[in-house]
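Structure first, then comments.
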Amino acid sequence: MNKRQRFFSAVQGQPVDRPPVTAWVHFQSDHLPGPQVAELHLQFLRAYDWDVLKVMNDFRYAVPEGVTTLADAASLKAYRPQGLKTPAVQAQLDCLSRLQDALRGEVPLLETSFEPFQQIVRNIGFSQAADLYRHRDAALAALEVVTEDLCAYMGALKARGIEGMFMSINGAIPAHLPRGASEENHELFQKPFAAAVLRAAEGLVRVLHVHGAQVLMERVAGYPCEVLSVSDRLPGNPDLAALRKISDKCLMGGIDETRITERALPEIACEIDAAIAAAGKDRLILAPGCTIPSFTSERNLRYLREYSRFPEGLP
């Protein structure tokens with residue numbers, strides 16, 4: 001199978017010769033123009049020959065001019081639709097176009113996005129979430145604005161023929177953990193807006209990345225997607241066998257992103273074998289549960305890639 005056939009067969013639940021494999025890393029590239037960001041992705045792809053290229057989107061949703069915190073409602077009222085002409089959006093679309101030109105459709109692209117709530121707090125500061133919750137009406141209006149922009153962006157991705165979109169949500173993290181939310185706050189400030197963006201992305205392969213540890217999987221019911229990505233190796237999270245029991249979707253995971261830098265090669269092989277034994281070779285994309293550290297060794301990544309081509313025990 002070629003990479004497109006392998007990826008779409010895995011997503012659609014059709015038989016594959018082997019599970020597609022990929023990994024990704026933040027390039028700390030939000031200060032760089034689109035062409036340089038594209039080149040970083042191409043070098044990473046060519047070094048390891050991934051089956052899928054997850055395109056990092058490190059350009060952040062712009063904070064309105066003059067806003068430094070969300071301490072008062074006026075800061076949230078300053079959010080206005082930004083559209084597709086902002087420097088950040090244009091740089092990312094340029095990056096995607098250059099990747100499409102270079103790859104000529106041979107490698108599926110997964111653009112990265114974040115839920116509307118996270119788009120606000122990941123730039124102004126996750127510490128500002130409590131203030132956002134405090135200004136209910138102004139916060140909901142600001143989230144509507146961000147959602148409108150993200151839905152327009154999904155339309156732009158579809159118009160360009162991008163294969164998929166990987167959306168990260170924090171809404172399943174329990175309230176007592178960093179970046180977590182109560183059930184009430186998740187239902188009011190997070191889920192409706194994230195689900196709206198996912199609905200706007202229909203037609204793309206939608207990967208729902210349920211970020212964090214001790215995630216409450218019951219919260220993600222109703223999020224429309226084709227692929228479910230969870231850090232299945234983190235303590236308190238469901239493993240692939242448990243995820244297979246609660247979802248018939250294609251699963252993305254199996255590799256412990258927190259330990260890949262310290263793994264001996266036989267341990268990486270064991271993770272791959274265990275992932276396939278737990279989830280089966282179909283409806284599975286072998287991948288880390290989240291971003292790998294930027295200092296992950298070339299040796300380990302090459303072994304992950306090469307062993308995944310011929311894993312032991314693969315029927």
Side-chain angles (χ1 to χ4, degrees), residues 2-14 16 19-22 24 34 37-38 41 45 50-59 61 83-84 88-119 146-169 171 190-211 220-230 247-253 283-285 287 290-291:
N2 63 37
K3 294 178 180 182
R4 291 186 66 85
Q5 292 169 334
R6 189 174 296 116
F7 172 70
F8 283 106
S9 293
V11 170
Q12 296 163 6
Q14 302 299 316
V16 296
V21 63
T22 191
W24 56 93
V37 179
H41 283 84
L45 174 66
W50 304 120
D51 289 306
V52 186
L53 178 57
K54 180 183 176 295
V55 184
M56 306 305 286
N57 191 338
D58 289 332
F59 299 111
Y61 192 87
L84 300 178
V89 171
Q90 287 297 301
Q92 185 68 7
L93 290 176
D94 185 15
C95 169
L96 290 168
S97 293
R98 290 171 183 273
L99 290 172
Q100 286 181 299
D101 290 344
L103 300 174
R104 297 176 294 180
E106 295 177 1
V107 182
L109 299 181
L110 284 178
E111 165 67 321
T112 301
S113 188
F114 301 87
E115 62 185 309
F117 180 91
Q118 199 176 159
Q119 291 281 5
V146 178
T147 300
E148 177 184 335
D149 281 337
L150 290 179
C151 287
Y153 188 66
M154 296 303 118
L157 297 180
K158 289 191 281 188
R160 285 164 170 77
I162 301 299
E163 287 82 1
M165 186 270 293
F166 180 104
M167 174 175 277
S168 172
I169 65 167
Q190 296 177 332
K191 186 172 185 176
F193 304 101
V197 177
L198 287 165
R199 287 192 297 270
E202 186 175 6
L204 301 171
V205 173
R206 298 167 294 186
V207 181
L208 179 66
H209 176 59
V210 186
H211 182 75
V220 305
Y223 279 83
C225 66
E226 286 70 47
V227 181
L228 194 57
S229 164
V230 180
S247 176
D248 62 356
K249 299 182 187 300
C250 177
L251 302 178
M252 188 172 187
R283 290 183 297 151
L284 174 66
I285 299 172
C290 197
T291 309

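If you're wondering where the values come from, they're calculated on a predicted model, not measured in any experiment.
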| query | Under a 4.5 Å cut-off applied to non-hydrogen side-chain atoms, are Val89 and Asp149 in contact? | reply | no
Separation between OG1 (Thr22) and CD1 (Ile285), nearest 0.5 Å, reads 8.5 Å
- Message: Please check: side-chain N/O of Glu106 versus main-chain N/O of Arg4, any donor-acceptor pairing under 3.5 Å?
- Response: no
Checking Val146 against Tyr61 for the side-chain contact (heavy atoms from CB on, under 4.5 Å) test, could you report, in this order, the C-alpha distance in whole Å, the side-chain angles of both residues, the deciding distance, and whether it holds? CA-CA 9 Å; Val146 178; Tyr61 192 87; 3.7 Å; yes
### Task
Check step by step if side-chain contact (heavy atoms from CB on, under 4.5 Å) holds for Tyr223 and Arg206.
CA-CA 10 Å; Tyr223 279 83; Arg206 298 167 294 186; over 6 Å; no
CG of Leu109 to CZ of Phe7, rounded to nearest 0.5 Å, is 9.5 Å
Minimal heavy-atom distance between Val37 and Cys95, with the atoms involved, is CG1-SG, 3.8 Å
Checklist entry - How about Glu202: does its CD atom have over 12 heavy atoms from other parts shown lying under 6.0 Å from it? => result no
TODO: Could you walk me through whether Leu99 and His41 pass the side-chain contact (heavy atoms from CB on, under 4.5 Å) test, one step at a time?
DONE: CA-CA 8 Å; Leu99 290 172; His41 283 84; 3.9 Å; yes
Correct closest heavy-atom pair for Pro19 and Val16 would be N-CG2, 4.1 Å
Here the gap from Thr112 atom OG1 to Lys54 atom NZ, rounded to the nearest 0.5 Å, amounts to 3.0 Å
Value for CG (Leu157) from CG (Leu110), rounded to nearest 0.5 Å, stands at 11.0 Å
When every non-hydrogen atom of Asp51 is compared with those of Arg6, the smallest separation belongs to OD1-NH1, 3.1 Å
Closest heavy-atom pair, Ser113 versus Gln119, reported as atoms and distance to 0.1 Å, is OG-NE2, 3.8 Å
Correct closest heavy-atom pair for Gly171 and Gln190 would be CA-OE1, 3.1 Å
Do any N or O atoms from the side chain of Arg199 and from the backbone of Pro224 form a donor-acceptor pair under 3.5 angstrom? no
On a heavy-atom basis, the closest approach of Ala287 and Met252 is CB-CG, 3.9 Å
(Q) The test is side-chain contact (heavy atoms from CB on, under 4.5 Å); show your working for Phe193 and Glu115 and say whether it passes. (A) CA-CA 7 Å; Phe193 304 101; Glu115 62 185 309; over 6 Å; no
Inset, instruction - Would you confirm whether Lys158, through its side chain, and Ala200, through its main-chain N or O, come within 3.5 Å as a donor-acceptor pair? - result: yes
How about Tyr153 and Glu111: does a side-chain donor come under 3.5 Å of a side-chain acceptor? yes
field: 4.5 Å side-chain heavy-atom contact, Asp94 and Gln90
entry: no
- Among side-chain atoms of Ser168 and His209, is any donor-acceptor pair under 3.5 angstrom? no
With side chains defined as the heavy atoms from C-beta onward, is the minimum distance between Met56 and Thr291 less than 4.5 Å? yes
To the nearest 0.5 Å, atom NE2 of His211 lies from atom CD1 of Ile169 at 10.5 Å
So CG of Leu198 and CD of Glu226: to nearest 0.5 Å the spacing works out to 9.0 Å
Self-check item: Check: Lys3 side chain, Pro20 main-chain N or O, donor-acceptor pair, under 3.5 Å
Solution: no
